[in-house]
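To start, the structure itself, in structure tokens.
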2 protein chains.
Amino acid sequence: MNAKSSPLLSLTPLEKTPDQGVNLWVYHSLRRALMCGQIEPGLPLTIRGLAEVLHVSPMPIREALHRLTCEGAVEVRDNRRVMVPQMTAARFKELYELRIVLETHAAESALPYCRPEHLAELERLDHLIDLAYQNNDTGEGSLANQDFHRYLYQRNPFQVAVPLIESIWLQLGPFVRFAKNKLTQHYRIDRHKEALQALHQQNAFALRRAIEADIRDGLASIQALEGIHAHFKEQALSA
Amino acid sequence: MNAKSSPLLSLTPLEKTPDQGVNLWVYHSLRRALMCGQIEPGLPLTIRGLAEVLHVSPMPIREALHRLTCEGAVEVRDNRRVMVPQMTAARFKELYELRIVLETHAAESALPYCRPEHLAELERLDHLIDLAYQNNDTGEGSLANQDFHRYLYQRNPFQVAVPLIESIWLQLGPFVRFAKNKLTQHYRIDRHKEALQALHQQNAFALRRAIEADIRDGLASIQALEGIHAHFKEQALSA
DNA sequence: TAGGCATTTTCGTGATCACAATTAGATGCG
DNA sequence: CGCATCTAATTGTGATCACGAAAATGCCTA
């Protein structure tokens, strides 16, 4: 009996499966773990290993890993091993620029559809963010922040950018866990309030500026962390 | 023996599998079929049916369909049936706006990495596009056009937008087949030439304008088709 | 004691099987 | 003759198995 010594992963597997298949439950569990930085980049993820950790058959794991692969959350090395990709400073910068491009566009395209009741819901979601950060729960705060942005963008019923944005979030997720210092939280301007005001005034330009500033603030609060680049793999330039 | 009457699909399954697994071969075959509009939107795709058409076991089909699902190429109706999503005018417009946002950004970020030898390759790819259209091969022309754009964007070694752009292409793919009229080809301005000139001059602004114009030209040539909207499902507004 | 090679283990892939859910066709009632 | 119901075929999901390839382990030699 090979008692796998794999449990380098705690992997709180979300609350039990309500009704959705085992497949989706495994996917969401792994996704959550990725997003909260519970999986070490570079550590090889094996199908059978994860299957044992989550107490399911290898099949749902296989499908979840494939899905996460095509979403960019994990990558396949030389056609075999799968792992969370190493981050580089250049890729980090590209991902954040893409966030700005995509999310300012998504916000502007959602602006005409925003009704007063939606603004109320956004204020509620923004309050949840504050609560999470007051509890020093960085992971939950990050997820709540995504809920705020996602709800805004999805006001546009024809929105097609959200899956792409979520893919970017997923690629950045494993590295935001280092932003545990709430120091910058004290001094930061609440860009969400600015966004809400812009929404109220139906001011597309102000909305874009608020969203961009919000994203740049998050980036700055991460880059301000000393030693953050130690977690980035030096890029092997093969020009 | 249930002789499936499914062959509503011709599905020229690409050239045989060179060395990559059956999995990837199936995926690329389906992707190619999607891109060339060989699969009727709304027609239900079944795992076992496709498995019989491609003469493989259901397993590679299952994985390919899942991957195409998370790329937005196909969608799952009420958690069971999978099919090419119906297009609406609103979604069409959103997808093209997203193309412009993503591709102008990708082009600009690739600009600093463009060397003379890359420009030569781009001219070669542009020539292939002309050849395809001269042969009235719309499908091949569309693929060649994607090769041109992809090669340009990938000059940036830290590019992260290309997978997202390919997802948009994949969602638009099944509907560009209607653009079979080469009438607009005669009068259109060659935006790729403009892009190449901008690249040569390292002019970011001109490059963005060329790429945006190129995309808008393609959109216009499709929308100019009378009756194209007959292929769009009227959107069911549930506000 | 360190390095090269062969054996063994582990892994991903692809195939087949069993089962619940859904759907399409058949049947019976009004 | 039309419609509701029931039955049977079909589908997606999840589990298990077999196989070739890649790694890890151990062994042997210099």
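Labels below follow one simple rule: chain letters A, B, ... track the order of the sequence lines, proteins then strands, and each chain is numbered from 1.
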Between H105(A) and V101(A) (side chain of the first, backbone of the second, donor and acceptor by atom type, cut-off under 3.5 Å), is there such a pair?
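Here the side-chain-to-backbone pair does not exist.
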Give the rounded distance in Å between these two atoms: [atom1] of [X] and [atom2] of [N].
X	N	atom1	atom2	result
Q20(B)	dT13(C)	CD	C1'	14 Å
I61(B)	dT11(D)	CD1	P	13 Å
M83(B)	dT11(D)	CE	C1'	16 Å
L45(B)	dG12(D)	CG	C1'	14 Å
E63(B)	dG14(D)	CD	C1'	13 Å
R67(A)	dT13(D)	CZ	P	11 Å
I47(B)	dG14(C)	CD1	P	15 Å
L65(A)	dG14(D)	CG	C1'	16 Å

Between the base of [N] and the side chain of [X], is there a donor and acceptor pair under 3.5 angstrom?
X	N	answer
R62(B)	dG14(C)	no
R80(B)	dT11(D)	yes
R48(B)	dG12(D)	yes

Starting the side chain at C-beta, find the nucleotide from dG14(D), dT16(D), dG12(C) nearest to V82(A).
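Of the candidates, dG12(C) comes closest.
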Of the listed nucleotides (dG14(D), dA15(D), dG14(C)), which one gets closest to any side-chain atom of S57(A)?
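The nucleotide sitting nearest to the side chain is dA15(D).
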Take E94(A) and R99(A), measure what salt bridge (Lys or Arg N to Asp or Glu O under 4.0 Å) needs, and give me the verdict at the end.
CA-CA 9 Å; E94(A) 292 282 337; R99(A) 270 200 68 187; over 6 Å; no
Would you mind reading off the bend of the helix from dT1(C)-dA30(D) to dG30(C)-dC1(D) from its two end axes, five pairs each, to 10 degrees?
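The angle, to the nearest 10 degrees, is 0°.
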Non-hydrogen side-chain atoms of H192(B) and I129(B) separated by less than 4.5 Å
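Side chain of H192(B) against side chain of I129(B), heavy atoms only: contact under 4.5 Å found.
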Side-chain heavy atoms of E63(A) within contact of R62(B), under 4.5 Å
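Counting from C-beta outward, E63(A) and R62(B) do come under 4.5 Å.
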Do E75(B) and R77(B) meet the salt-bridge criterion of a basic N to acidic O distance under 4.0 Å?
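Looking at E75(B) together with R77(B), the answer is yes, because their closest N to O distance falls below 4.0 Å.
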Establish, with yes or no, whether the OP1 or OP2 oxygen of dG12(C) is under 4.0 angstrom from a side-chain nitrogen or oxygen of H66(A).
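The answer is no; no side-chain N or O of H66(A) sits under 4.0 Å from OP1 or OP2.
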Scan side-chain atoms only and decide if Y153(B) and E103(B) contain a donor-acceptor pair under the 3.5 Å cut-off.
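On atom types as modelled, these side chains qualify, holding a pair under 3.5 Å.
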Distance alone, cut at 3.5 Å: any donor-acceptor contact between the side chains of Q38(B) and R32(B)?
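Result is no, nothing qualifies.
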